[in-house]
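One structure below.
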Protein chains: 2
Amino acid sequence: LIQVEGLTKIYKQGENHGVVALRDVSFTINRGEMVAIMGPSGSGKSTLMHILGCLDKPDKGRYVLAGKDVTSLDTFELASIRNRYIGFVFQNFNLLGRATALENVALPLVYARVGRRERERRARKILQTLGLAGREHHLPNQLSGGQQQRVAIGRALINNPELLLADEPTGQLDSKASADIMYLLQTLHRERGLTIVIVTHEPDIAYHCQRILRLRDGRLVADEKVDEP
Amino acid sequence: LIQVEGLTKIYKQGENHGVVALRDVSFTINRGEMVAIMGPSGSGKSTLMHILGCLDKPDKGRYVLAGKDVTSLDTFELASIRNRYIGFVFQNFNLLGRATALENVALPLVYARVGRRERERRARKILQTLGLAGREHHLPNQLSGGQQQRVAIGRALINNPELLLADEPTGQLDSKASADIMYLLQTLHRERGLTIVIVTHEPDIAYHCQRILRLRDGRLVADEKVDEP
Ligand SMILES: Nc1ncnc2c1ncn2[C@@H]1O[C@H](COP(=O)(O)OP(=O)(O)OP(=O)(O)O)[C@@H](O)[C@H]1O
Ligand SMILES: Nc1ncnc2c1ncn2[C@@H]1O[C@H](COP(=O)(O)OP(=O)(O)OP(=O)(O)O)[C@@H](O)[C@H]1O
Ligand SMILES: [Mg+2]
Ligand SMILES: [Mg+2]
């Protein structure tokens, strides 16, 4: 499903100063795999996730998604791919501040041209699954940190993506809510063959996955298979 | 140092609907203690922290800080207390988007009327301690999630507060960076008698503290002493 080769990303900071956020990263992820990405703060994980999610382009290297060379597509084609195939949970959630939890979760269905009553039905259902019943009409600043995170997860899943990219999806959650989320993701993985890439700092979360990619200073330094428990 | 009695906070949501975020919470924290606050997502931890940090007032109950009844103070007096005595690490960082890491960290010193060269010297020093040398002139959106979190921690500590309130200060950090932060906090605790209140979901962090207060549905349900290891 995913093939990256030689991905390099350099942020220019002034004229003579650049941050090499990713350096020559190459790997393959097959359809239906569940992969964790780990590494120190600043090692390039979110940068990599943005490229995988078609939100950003590398400065060097190639990214082939479901057989298409993404680096050659234009903005409209990328937006269409994102809406149809990809669910993205951002590290800082990126919710719309003036939209309710229900509206935020339903947003991908607006782009997918789903009718209003069906959107509302699906959004309510997913909020209930995530333990947010009673919070539908709250704005993000009327939600706790962990509740905002769960709205972001709901928004990423509501359009039944084939690829879920989750940047530290349980960072704000207590252990029970974290376990519930991992159980939900593993169910979707098993029953729908959802391909999942999770950035995490927590070994517990990583060992729920089949494989761990480790970054350090923008390089891929390890690609480990997780032993079956 | 801290005495709260019967704290209650109710968020009105429309005319007939309210969320009881805190319900009759009472406890005392002595000067020099290091206390963890734990509880499920939505249980009222951040709401409690905002009241302790003089950023919000309860609807019922009293908060006495260093002998002063905070609930009777006006906006200016509260702002002055916050700047002089309290360092606050927000769950979502609350950095100024158009200010650099250096400027964000130095901000409490501007309010404290510290001269520019001294501010810059102290801000650089604390960024170095936090592993952010080389990132001084980056804006928050040019920093990784864990780097933003560390800037927020630096800003909370730079004016040598007597009380540190940290709402999930290691949520975005890998285990090494987390350990470095906890080591820094414990050093300040031991050497300067800093009073520390940390909201955390992670038992490792909580067991670095002397005491754990547990919230559930807005109530204080436990107040446990942590055994010495
Ligand atoms: N727009 C930008 N301009 C300059 N440097 C940037 C920019 N965005 C990110 N960086 C730098 O690129 C590096 C990688 O950032 P990235 O966000 O990918 O890290 P990360 O692995 O996700 O870290 P964390 O675990 O803290 O979230 C960091 O050192 C960061 O300072
Ligand atoms: N402005 C608001 N209006 C309405 N309800 C609110 C508001 N702010 C918070 N709440 C509600 O109050 C409750 C407590 O919120 P709080 O942010 O204190 O929880 P928390 O314990 O910090 O959770 P988390 O671990 O997820 O950060 C939540 O159920 C939340 O939905
Ligand atoms: Mg990141
Ligand atoms: Mg909170």
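Small disclaimer: the values here were computed from a predicted structure and weren't measured. Reminder, nothing fancy here: chain letters follow the sequence lines and each chain counts from 1.
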Q: Output the distance between atom CD (Q148(B)) and atom CG (N92(A)), rounded to the nearest 0.5 Å.
A: 7.0 Å
Q: Can you measure from CD (E202(B)) to OG (S175(A)) and round to the nearest 0.5 angstrom?
A: 10.5 Å
Q) Is Q142(B) close to V19(A) at the side-chain level, that is, under 4.5 Å between some pair of heavy atoms? A) no
Q) Can you tell me if CD on E224(A) sees more than 12 non-hydrogen neighbours from other groups inside 6.0 Å? A) yes
Q: For each of P40(B), S46(B), G171(B), tally heavy-atom pairs with chain A at distances under 4.5 Å, and name the one with the top tally.
A: P40(B)
Q) Within a reach of under 6.0 Å around CG of D217(A), are more than 12 heavy atoms found that belong to other residues, nucleotides or ligands? A) no
Q | Contact check, side chains of S41(B) and Q172(A), non-hydrogen atoms, under 4.5 Å | A | no
**Q.** Portion of H17(A) that has a non-hydrogen atom of chain B nearer than 4.5 angstrom
**A.** side chain
Q) chain B heavy atoms under 4.5 Å from E168(A): which part of the residue, side chain, backbone, both or neither? A) side chain
Q: Return the option, out of H137(B), K176(B), H138(B), Q147(B), with the maximum number of heavy-atom pairs under 4.5 Å with chain A.
A: H138(B)
Q. With respect to chain A, which residue among R135(B), K45(B), Q149(B) yields the maximal number of heavy-atom pairs within a distance under 4.5 Å?
A. R135(B)
Q) Does atom CD of Q128(B) have more than 12 heavy-atom neighbours from other groups under 6.0 Å away? A) no
